[in-house]
Amino acid sequence: MKEQKPLVVSSLRSSLLFSIDGKDAPTLSTTKVQNYKGITFSSASSNDQNTHPLISQFGRMDYLLPSLLIEAEDGSYSGRFVFQHYEETDSFSSPSPLPASRRKGKGISFYYVDDHIHATLVLNISSFLGIEGYSFSVSVKNCGKKPFCIRKLSSLQLDLYGDSPEVYSLDGAWARERTLHKTVLNGGRMEIDSRCGASSSFHNPLSVTKVGDLFYGINLIYSGNHKTSIEVDSFSRVRIESGLNDFEFGYTLNPQDTFYSPEALLEVSDTMEGISSSFEKLVNNAILPPRFKDAIPPILFNSWEGVYFSFDKEKILSMAKEAKDLGAELFVLDDGWFGHREDDSSSLGDWYDNEKKTGGIASLANSIRDMGMGFGIWMEPESISEDSDLYRKHPEYAMTIPKLEPDRQRNQLLLDLTKKEVLDYVIESVSGILDLTKATYLKWDYNRNFSDIYSSSFPLGEYGYRYMVNLYKAMDVLTKKYPDVLFEGCAGGGSRFDLGILSYFPQIWASDNTDPLSRLSIQKGTLLGYPPSTITCHVSSSPNGNTHRTSLLSDRFAVALLGNAGYELDPTKLSLSDRKEIKEQICFLKRERQFLHSSSLYRLNSFEDKETDIYEFLSPDNKRILLLFATTKEGKIPVSPLFLDPSGTYLVAGNKEMSGKDLMGKGILFDGKIPKDGNSCHLKTRLVFLQKK
Ligand code: DGJ
């Protein structure tokens, strides 16, 4: 076989190497090439067990799960895509209706043609400008005269080589989102997926797989049904695929139309911590709406856990007054202000003021602004209650199957966002409330999953994808129309925490569980692939409304610092000492938020440690460090911060000088003395600043 110079797509610390030999499909080999760390692509044929294709097709001699499955008009499934040519690109962009990453650098587009169904497939692989990581996406164009049906189209396929890969997945449920699990795969296939319409709390689209001595972190820029599968064969081949879930999927592509897969992001590193810190930078710089990247969010008080549905104008104003006195900058009125909503059984869709409760939402918002705070509001734009004027007028807006009793969750239905008139309604209703209240913050909630999907306009296999395309349209229109409004994603807690939402909204409510011990686990999992600024974390009251465990206010605050910290309690009910402490916390936040927001966050102990969490916030100039230590374990634990200057001197905790060398050697001793109160979280946290002199 003719040797050719490999094509290289380089990121900061790793490179993807491709060799093309004649018309052979580009394939992947796991041999590390000298001077390159990462994945290498070789040119051997795909029948060779040591080399691996970038796409795989059902009906050929490859019996691992295929990345591509297309049903031709004649009913056959046998993929005939043949590699044609490649083009090198400088900053790939695509007309896809799905959100895309920015700041793409050099990349390669591989072109394949299928002469049976008359289609072209383009696989785009790009690096990023000055950021570690790669973007993968695939599009298929129907160039023929007959439609065909795309049954599966993965965005990324990595064929690697190694025994017993270790798969790290983020699994959970309501109030237990993104719990990190490790599975060693000695054989067979593991699938991390969602089938409920949203990216879900069940399995997040982010996963990390260790094959050989490298970790491969993958995430999708998508908020709907996703699937990542990891399969091992008897020849130590490990195939990882990620993309749209093919369960109940089928997209009919008409002549001249093009279908776009969501973008997948890949990080390659020697360590889990390396994956986490690369994703932090990639998401900050290439995903989050640029205008929020350096913007410091206001310190907010949210009404939900303080009063739930039971409030009136006087109550909200008294809460807001107290919040202001404590130092808050934004007051958020959560659920319950619209229609005739007194509990979760009514009014979703009726996005007009419940004057009995608010005394007029516009004037309530004005009164809060007059106190010197911003006003924020809650909506659930994608949902509908059967007890609502909207449902009485437009029952056809709801996601239901004609003549069948729908499944209800939290007493509600979803809107059928695949319909243009529903999309328009969502945009109008959110605009109406923002115009009326002049809110500068909007919490966009979503409290149930799909069921009863139906459409008389297109095949149901397209439903989830079309819903997402329209959801992104709504988010795109609204965030452009209201560029100064801070939108926060939410989904019955953190059930739609993903890069699709973060492409429009810079932050997402991580979980309805605000117990600090539960939160440490939820936030640890989330931090594996999402920056702290995206994770909304609120200090709530004790005992916790969900777990009924008690905790110290200082511990709740320390844990909230691992994200975007705010408050969610009734400030009129605080004890004098809690009031004083919260005032001090808010002063601390105001003093340190610039540092916290601009810092990089590193996890200093293993992600697999279930008892202790040690994090380091590091300022961009490497001179200021905040160590955040949390444990449920008794005993002394030495901690050595990263990125110290061995010849420098550091002021530790504002009163003790230590040399960089000593800090690197002995470290700082943290004492895990745990409060023994029977019902408590049994948690101990500590914050220590280090300042280079
Ligand atoms: C679920 C959210 O996660 C909560 O924060 C709160 O907004 C409720 N919905 C309101 O119904």
Side-chain angles (χ1 to χ4, degrees), residues 9-16 37-39 89-94 96 98-107 124-137 155-156 158 168 170 178 199 204-209 214-223 226 228 240 242-243 262-294 489 497-508 525-535 563-564 597-603 607 617-618 620:
V9 180
S10 279
S11 216
L12 287 181
R13 291 183 298 276
S14 63
S15 297
L16 307 183
K37 191 171 88 179
I39 318 166
T89 62
D90 270 336
S91 59
F92 172 77
S93 72
S94 133
S96 164
L98 302 175
S101 61
R102 300 183 312 280
R103 293 191 52 156
K104 294 206 182 66
K106 289 200 178 305
N124 306 289
I125 302 174
S126 289
S127 60
F128 289 92
L129 291 172
I131 319 168
E132 180 67 20
Y134 306 94
S135 145
F136 284 64
S137 60
S155 308
L156 164 152
L158 292 179
Y168 296 85
L170 300 175
R178 292 172 299 288
S199 51
N204 194 265
L206 170 71
S207 66
V208 179
T209 303
L214 286 178
F215 292 80
Y216 301 87
I218 295 170
N219 204 352
L220 284 176
I221 310 180
Y222 194 62
S223 313
H226 59 87
T228 296
I240 308 176
S242 186
E263 210 180 303
L265 300 181
L266 169 72
E267 294 288 359
V268 185
S269 175
D270 290 331
T271 60
M272 285 276 277
E273 293 71 29
I275 295 284
S276 161
S277 105
S278 293
F279 268 131
E280 178 187 356
K281 292 180 181 61
L282 184 57
V283 175
N284 269 333
N285 292 293
I287 300 291
L288 297 185
R291 64 187 182 286
F292 287 107
K293 186 179 159 301
D294 298 315
F497 204 116
D498 59 65
L499 299 180
I501 302 295
L502 288 176
S503 300
Y504 303 94
F505 301 169
Q507 58 191 51
I508 304 179
T526 314
L527 285 167
L528 180 57
Y530 302 93
S533 70
T534 64
I535 308 173
N564 190 335
H597 197 79
S598 61
S599 295
S600 300
L601 184 70
Y602 297 92
R603 188 173 166 93
F607 272 89
F617 293 86
L618 178 71

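Only heavy atoms go into these numbers, but all of them, side chains included; no hydrogens, no water, no symmetry mates. The structure displayed is predicted, hence computed values, not measured ones. We count residues from 1, following the sequence as given.
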**Request:** Check the pair Ser94, Asn124 against side chain to side chain contact (heavy atoms under 4.5 Å, CB included), reporting the backbone distance first and the verdict last.
**Result:** CA-CA 10 Å; Ser94 133; Asn124 306 289; 5.9 Å; no

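- Side chain of Ser11 to main chain of Gly133: a donor-acceptor pair is present (N/O by atom type, distance under 3.5 Å, no hydrogens or angles).
- Side-chain N or O atoms of Ser155 include one that pairs as donor or acceptor with a backbone N or O of Pro262 at under 3.5 Å.
- Using a 4.5 Å heavy-atom cutoff, the side chains of Leu98 and Glu263 are not in contact.
- In this structure, OG on Ser598 lies 9.5 Å from NZ on Lys293, to the nearest 0.5 angstrom.
- When each of Ser127, Ser137, Ser101 is checked for a side chain to side chain contact (heavy atoms under 4.5 Å, CB included) with Phe92, only Ser137 meets the rule.
- Of all heavy-atom pairs between Lys104 and Ser135, the closest is CE-OG, 3.3 Å.
- The backbone N or O of Ser533 lies less than 3.5 Å from a partner atom in the side chain of Asn564, making a donor-acceptor pair.
- The two atoms that bring Ser600 and Tyr602 nearest to each other are CB-CE1, 3.6 Å, heavy atoms only.
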**Request:** Apply the test ring-ring contact (aromatic ring centres under 6.0 Å, His included) to residues Tyr168 and Phe607: give CA-CA distance (whole Å), side-chain angles for both, the deciding distance (0.1 Å), then the verdict.
**Result:** CA-CA 10 Å; Tyr168 296 85; Phe607 272 89; 8.3 Å; no

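- Partners of Ser278 according to the side chain to side chain contact (heavy atoms under 4.5 Å, CB included) rule, which considers only residues two or more places apart in sequence or in another chain, are Arg13, Glu132, Glu267.
- For the pair Glu280 (side chain) and Leu601 (backbone), a donor-acceptor distance under 3.5 Å is present.
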**Prompt:** Between Tyr216 and Leu266, does a side chain to side chain contact (heavy atoms under 4.5 Å, CB included) hold up when you go through it step by step?
**Reply:** CA-CA 7 Å; Tyr216 301 87; Leu266 169 72; 4.2 Å; yes

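- Applying the ring-ring contact (aromatic ring centres under 6.0 Å, His included) test to Tyr222 and every residue at least two apart in sequence or in another chain returns nothing.
- Without hydrogens or angle criteria, Asp498 side chain to Ile501 main chain gives a donor-acceptor distance under 3.5 Å.
- Under a cut-off of 6.0 angstrom, the local environment of NZ in Lys106 is sparse, with at most 12 non-hydrogen atoms contributed by other residues, nucleotides or ligands.
- Here the closest non-hydrogen pair linking Phe497 and Ser199 is N-OG, 3.9 Å.
- Note that CD1 of Ile275 and CG of Leu282 are 11.0 Å apart. Values are rounded to the nearest 0.5 Å.
- We find the CD1-OG distance between Ile508 and Ser223 to be 7.5 Å, quoted to the nearest 0.5 Å.
- Of all the heavy atoms in Asn219 and Leu206, the pair that sits closest is OD1-N, 3.5 Å.
- The distance from atom CG of Leu214 to atom OG of Ser269, rounded to the nearest 0.5 Å, is 8.0 Å.
- Among all heavy-atom pairs drawn from Tyr530 and Ile535, the shortest one is O-CD1, 4.0 Å.
- Heavy atoms only, all atoms of each residue included: Arg103 and Asn285 are closest at CD-O, 3.4 Å.
- For the pair Ser276 (side chain) and Met272 (backbone), a donor-acceptor distance under 3.5 Å is absent.
- Expressed to the nearest 0.5 Å, how far CG of Asn284 lies from CD1 of Ile131 amounts to 9.5 Å.
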**Message:** Test side chain to side chain contact (heavy atoms under 4.5 Å, CB included) on Leu288 and Val283; report intermediate values, then the result.
**Reply:** CA-CA 6 Å; Leu288 297 185; Val283 175; 4.2 Å; yes

**Request:** Please step through side chain to side chain contact (heavy atoms under 4.5 Å, CB included) for the pair Phe136 and Leu16, ending with a clear verdict.
**Result:** CA-CA 12 Å; Phe136 284 64; Leu16 307 183; 4.0 Å; yes

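- Contact annotation: the side chain of Ile240 approaches that of Thr228 to within less than 4.5 Å [non-hydrogen atoms, C-beta and beyond].
- The side-chain heavy atoms of Leu265 and Ile218, taken from C-beta on, include no pair separated by under 4.5 Å.
- How far CG of Asn204 is from CZ of Arg178: 6.0 Å, rounded to the nearest 0.5 Å.
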